[in-house]
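A, B, ... follow the sequence lines: proteins, then strands. Residue 1 opens every chain.
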There are 2 protein chains.
Amino acid sequence: MNKPTTIHDIARAANVSSATVSRVLSNSSYPVSKAKRERILSLAEEMNYVPNLLGRQLKGSKSTTIGVIVPSIMNPFYSSVLFGIEEIARQNNFTVIACNSLHDPLLEDEYIRTILEKQIKGVVISSISSDKSQFKSMIKAGVHVIAIDQKIEEDQISQIEFDYQKGGHLATKFLQSKGHTRIGYVTSKVDRPSRKSILSGYMEAMKLEGLEPLVEESKADFVDNALSEFDTGKMLTARLLGRPVPPTAIFACNDMMAFGVIRELSERNIRVPQDISVIGFDGIDLGQMINPQLTTIKQPDYEMGKLACKMLLDKMNGADVPAYDIILQPELLERGSVEPR
Amino acid sequence: MNKPTTIHDIARAANVSSATVSRVLSNSSYPVSKAKRERILSLAEEMNYVPNLLGRQLKGSKSTTIGVIVPSIMNPFYSSVLFGIEEIARQNNFTVIACNSLHDPLLEDEYIRTILEKQIKGVVISSISSDKSQFKSMIKAGVHVIAIDQKIEEDQISQIEFDYQKGGHLATKFLQSKGHTRIGYVTSKVDRPSRKSILSGYMEAMKLEGLEPLVEESKADFVDNALSEFDTGKMLTARLLGRPVPPTAIFACNDMMAFGVIRELSERNIRVPQDISVIGFDGIDLGQMINPQLTTIKQPDYEMGKLACKMLLDKMNGADVPAYDIILQPELLERGSVEPR
DNA sequence: TTGTACGCGTTATCAA
DNA sequence: TTGATAACGCGTACAA
């Protein structure tokens, strides 16, 4: 483990000043004679020169790292988002640090602090915190922020939203169009804007048709873990079936939960979709792998990640882009878990 | 976007030298009078001081970032690993950069180069490359490396392996113990040590019982995408069923593929497990959510990540730990997709 | 076209 | 107990 070679080492070896070496090795447009340039280049190769980005950044205050803060990459939705972000980042020679906030505002704060300390200048975040002071300090520090999934009401923060309300409406409407009138909605704790919007879309659609809503909400604090969502789905389904007049269709606030719904029904020998129809929300790939294939609302995760990263890089390149927002539209993925009443 | 305050700003405001400020703010054990210490602390608070880690690292050459290189976090196995790593990293105030190598050695090289440039001192990698020169340069640069999942034959690199061979053996043996003799094995391209080992475990177990192996291998180059594995599973199952004497049990090299196997069978109205038994390999949570629940070999993903990160941090803390390897043992997760013949 | 010299923010060494 | 100063590796005015 010997010390890495620096531009000074090369300068000495090439009998030039370190300034000249720097000019060559940092792809500066500064003119350097062909002879020296070539000598320096070959020497750098030979001596295994690796630029030290710390030094470079300390000087230039440009960072090639972006931070991504999401609740949990155990949730396939967020791992797709992260994957999309990383793909675009990679293509632009940026690197991504992955942070799981686990729905804990304190952890989120901690990550933001770290990001500030590491002089990172771009962040994509699905925020759980309602405290905006951290965002203000990021912006003051020149950090560009893109909010995905969960809206942040704050100037200078661009949003990539998803129309959850419309998604909730669309799913409910679809079940109605298949002749269902007793439509249950199962949801984990309605503690975030996105959850509220889906619920509100459902309520609205029910009201519009003069139907009585059947909502079961888990009060459990969130653990973003596929299995816990699954179990919640089972439990809430059991509750729904315990009602005097059970539903003929069940709408779940996410796909994992829908899997739980289907499982609970199967265990009770209730056939899906012949006896009860099920619709999910997310559109993760796994939905195509279960039996029956899950009809669901597609939320473009991977695309959302790519979009967010593009937007972020644009802003960081100082293109002085107007802070536009994007609202992605829901799409119905009709597969096999819904049948006419 | 005003300039961030530095220790010099605080020094000026407190009428002390920046050295004193540094001693206070970096939690140095160096003695500083109580009065000054408090003045500096409150001033730092007041002036919103955020330490610049670039400066600190440039000086100290200690990094609080680790790199993680895996084929793709779209694969739930690797996102679990990453999650486990990140959890331990977070607890130790480390940050994780996530890299998807997409099974491309060139990309892997590129990431390693970036890691070197960013002066990162610790890496967890599931390597696809057979070229060891990159690892040598990492080690020369003082980067500590932990290889997971895919073995790297190289001194100074600790391994966290999984006994794939035994896993393949175990799965096959289990099917045999249920009275199956015509056992098919479906696998994506056998291009990596892990794949070779599982296959060899299967072959060995078949040979031991004097049974004829039935192997279907996809020759398609790898795209680490859940859906492509799923489709491969379907396709290979179709091939298996086209044989003169089709199998009564199918062993898939990963869970995603097993899902595909089950789907293909269902579409042909072949019941699982009544007509044909299926066993997977990985033990991802989703296996509990499908119908029937997938019997499989558990590979401890999350635990592997945690272990890898702990090991890495130990090494980085210079505990001069002997470079021990860990071989995790397979475990059979008996669920509902296998039935006696 | 080249080199000198400074500063980025921090910590460590040395002297006071 | 404190402070001045020299690094760390790099890029860039400025001067030559």
Side-chain angles (χ1 to χ4, degrees), chain A residues 1-41 43-44 47-64 114 116-121 141-142, chain B residues 1-41 43-44 47-64 114 116-121 141-142:
Chain A
M1 180 189 155
N2 27 22
K3 308 215 175 334
T5 56
T6 71
I7 52 172
H8 302 290
D9 300 327
I10 297 179
R12 212 173 308 120
N15 259 317
V16 297
S17 78
S18 55
T20 306
V21 177
S22 168
R23 296 199 255 259
V24 173
L25 262 26
S26 62
N27 295 317
S28 156
S29 60
Y30 211 90
V32 173
S33 74
K34 194 152 194 160
K36 292 199 176 170
R37 155 163 278 119
E38 279 166 7
R39 186 144 44 99
I40 289 169
L41 248 20
L43 233 30
M47 300 170 74
N48 277 315
Y49 172 71
V50 175
N52 182 329
L53 257 34
L54 294 179
R56 191 174 287 180
Q57 286 175 200
L58 190 54
K59 189 94 233 290
S61 93
K62 269 188 235 314
S63 165
T64 53
T114 305
L116 254 15
E117 294 183 349
K118 288 193 189 272
Q119 311 301 116
I120 289 170
K121 297 303 182 198
Chain B
M1 181 188 155
N2 26 23
K3 308 211 177 339
T5 58
T6 71
I7 52 173
H8 300 293
D9 300 327
I10 296 178
R12 212 173 309 120
N15 259 316
V16 296
S17 78
S18 54
T20 307
V21 178
S22 168
R23 297 199 254 257
V24 173
L25 262 25
S26 63
N27 297 318
S28 154
S29 60
Y30 211 91
V32 174
S33 74
K34 193 152 194 164
K36 291 198 177 172
R37 156 162 278 120
E38 280 166 6
R39 188 143 44 99
I40 289 169
L41 248 20
L43 232 30
M47 299 171 76
N48 277 314
Y49 171 72
V50 175
N52 182 328
L53 256 36
L54 294 179
R56 188 174 292 178
Q57 286 174 202
L58 186 55
K59 190 92 231 293
S61 92
K62 271 189 233 315
S63 166
T64 54
T114 304
L116 254 14
E117 293 184 348
K118 288 192 190 272
Q119 312 300 119
I120 289 170
K121 297 304 180 197

>> Apply side-chain hydrogen bond (donor to acceptor under 3.5 Å, both in side chains) to residues B:Lys118 and B:Ser63 and explain how you reach the verdict.
In response: CA-CA 9 Å; B:Lys118 288 192 190 272; B:Ser63 166; over 6 Å; no
> Closest nucleotide of DNA chain D for B:Lys36 versus for A:Thr5: which of these residues is on the 5' side?
Replying inline: B:Lys36
> Between B:Ser33 and B:Gly60, who's closer to the 5' end of DNA chain D by nearest nucleotide?
Replying inline: B:Ser33
With a 4.0 Å cut-off on heavy atoms, is [X] in touch with a base, just the backbone sugar-phosphate, or nothing at all?
X: B:Ser22; result: base
X: A:Pro51; result: sugar-phosphate
X: B:Thr6; result: sugar-phosphate

>> Does B:Lys59 contact C:dT10 through a side-chain donor or acceptor facing the base, at a distance under 3.5 Å?
In response: no
> So does A:Tyr30 reach the base of C:dT2 with its side chain, donor to acceptor, closer than 3.5 Å?
Replying inline: yes
> Heavy atoms, side chains only, cut-off 4.5 Å: are B:Asn52 and A:Gln119 in contact?
Replying inline: yes
> Mind checking whether B:Glu38 and B:Leu41 have side chains closer than 4.5 Å, heavy atoms only?
Replying inline: no
Could you check how far [atom1] of [X] sits from [atom2] of [N], rounded to whole Å?
X: B:Gln119; N: C:dT10; atom1: CD; atom2: P; result: 18 Å
X: B:Gln57; N: C:dT11; atom1: CD; atom2: C1'; result: 13 Å
X: B:Lys118; N: D:dC8; atom1: NZ; atom2: C1'; result: 18 Å
X: B:Leu53; N: D:dC8; atom1: CG; atom2: C1'; result: 15 Å
X: B:Arg37; N: D:dG3; atom1: CZ; atom2: C1'; result: 16 Å
X: B:Asp9; N: C:dG9; atom1: CG; atom2: C1'; result: 10 Å
X: A:Ile7; N: C:dA5; atom1: CD1; atom2: C1'; result: 13 Å
X: A:Lys62; N: D:dG11; atom1: NZ; atom2: P; result: 12 Å

Counting side-chain heavy atoms from CB outward, which of [options] is closest to [X]?
X: A:Ser17; options: D:dG3, C:dG3, D:dC10; answer: C:dG3
X: A:Asn52; options: D:dC10, C:dT13, C:dG9; answer: D:dC10
X: A:Val32; options: D:dT2, C:dT2, D:dT1; answer: C:dT2

> Between B:Tyr49 and A:Asn15, which has a closest nucleotide on DNA chain C that is more 5'?
Replying inline: A:Asn15
> Hey, what do you get for CZ (A:Arg39) to CG (A:Asn15), rounding to the nearest 0.5 Å?
Replying inline: 7.0 Å
> Rounded to the nearest 0.5 Å, what separation is found between the CD1 atom of B:Ile10 and the CD1 atom of B:Ile40?
Replying inline: 8.0 Å
> Are B:Arg56 and C:dG9 close enough that a side-chain N or O sits under 4.0 Å from OP1 or OP2?
Replying inline: no
